[in-house]
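Each chain gets a letter, A, B and so on, in the order its sequence line appears, and its residues count up from 1. Predicted model only: the values in this text are computed from it and were never measured.
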Amino acid sequence: MATTTSPTKGAWLHTTVGRKVLMAATGLFLITFLVVHLAGNLLLLRNDGGAAFNAYAEFMSTNPLIRVLEIGLFAGFVVHIYQGLYFIFTERRARPKGYTLNQASANSNIFSRTMRLSAVVVLVFLVVHLRHFFVEHRLLGTPLTMYESCKIAFENPYYSAFYVLSMVLLAFHLAHGFYSGFQTLGLVLNKRIERLLKWGAAGFAFLVPLGFAIIPMYFLLSKYL
Amino acid sequence: MHFTLRVWRQKNAQDTGHFEIYDIDGVSPDASFLEMLDVLNEKLIKQGREPVAFDHDCREGICGSCGMFINGRAHGPLRNITTCRLYMRHFRDGETITIEPFRAKSFPVIKDLVVDRSALDKIVQAGGYISVNTGSSPDANSIPVPKPAADLAFTYAACIGCGACVAACKNASAMLFTAAKVAHFAMLPQGQPERRQRVKRMVAQMDKEGFGHCTNTGACAVECPAKIPLTAIAQLQRDFIWANLSPDPHAASSS
Ligand code: HEM
Ligand code: SF4
Ligand code: FES
């Protein structure tokens, strides 16, 4: 290897491995965001007519530090979704002709094989979700409080059903993504860490989406029962 | 034992290919899968028909040539095994067995079940070697290697280049193969001089050959007859990130 080719700076991010490193870094960052988001949402369950939740929403939309973090969050989503769509659109490139009989379940779990499906559902959810809350409140300046917006949305059975279904698919995405992100960053050093992360992923993927899904179900049930 | 075989037949790379059904009787449960195909081929030749082309050489699990997709699995229904070490007793009597070639854009079919795996060789050529001064052989143990590193290097060196990892992967990714080589050399002092370049070049070649990306499903390690562990891939990832993000101490002198 006498001659060292020096490719343009950043070219490594266009390799399949580089793209996945970007996905993993942004994906794990988005996971931390999910935890913060859930903690705030759980305030909706307090029986105070939305006072605590509205105060929290007010803080999140005015605090300058949160402003800055929000830009990072937005960038994280853009990069993750851009790379995700790249892999979704190039899906069949490396295997144009598939197998007639494929027993994939014998060598891998369903969550890892349905990352693209779960990604698309989460993406659709994200668009609807942002339209409903971010666009309505931050761009259009609706007179409703955040609590009232949530109440209207969650008391609509169609919206709530869509929300819960999306959380099931988010659980799928996290059940593999949580472990996979660490492996892509090269941090799964041995079998023990692998086992630990896979159990952690299972617990996280079950509890966090469940926490989100409880809220619309709570609003729906309190309206009809 | 009696089987119904559904075998992929394809004249050459241009042919679209199709399945043909064959009945085979009186197969010994102790026959290997390849021996069963030999019996089928003898029968076909007697009938004046074209025998099924398949790759094989050592028939003892060390050469890596006997790749085929059997009943939806690379190398058949068992984990971590080559086709030549698969026996007919692993199937149910009367079962229909579907046999296809490994399918990937980078593995074009040559004939029937035989595919061209030279794309894997090109990945090795891109960096799977070390530079040595030729001459008289060096003294044993002149380069000390810690025992755990030697053991790991040995684990990663076991890859037989069979391509089952690519065949089993939903993305037809060659990551386990490439990572086995990268991780093997990363463990050893002899692998250090080219370490940065190796991982960059092998990853670039992997992409150039048209293999897919890695989703970390782990299907490869389940089907790999050499039991290459997924820690190889983690090692490649670390090396790749490090080679691209940390400043190269030799960069100034080489430019
Ligand atoms: C809160 C939302 C999300 C979180 C926390 C998240 C997290 C993750 C993580 C941690 C991974 C594993 C990365 C790796 O394998 O190294 C991943 C993979 C993936 N994500 Fe997301 N993700 C989210 C939303 C999305 C969206 C909206 C898309 C839409 C395009 C998407 C597309 C993908 C795809 C396609 C993969 C698999 C890539 C592959 O084939 O290896 N994700 N995600
Ligand atoms: S890593 Fe395993 S499955 Fe892949 S080529 Fe090497 S021996 Fe075969
Ligand atoms: S024929 Fe050599 S590994 Fe099967």
Is it the backbone or the side chain of [X] that comes under 4.5 Å from a heavy atom of chain B, or both, or neither?
X        : result
A:Val17  : both
A:Tyr179 : side chain
A:Lys97  : both
A:Arg113 : both

Using heavy-atom distances under 4.5 Å, tell me whether [X] contacts chain A through its side chain, its backbone, both, or neither.
X        : value
B:Phe69  : side chain
B:Ala104 : both
B:Thr217 : both
B:Ala74  : neither

Heavy-atom side-chain proximity of A:Thr100 to B:Arg6 below 4.5 angstrom: yes

Measuring only between side-chain heavy atoms, which start at C-beta, is A:Val188 closer than 4.5 Å to B:Leu230? no

Smallest heavy-atom separation, A:Lys20 atom then B:Cys214 atom, equals NZ-O, 3.0 Å

Taking all non-hydrogen atoms of both residues into account, name the closest pair between A:Arg95 and B:Asn171 and its distance. NH1-N, 4.5 Å

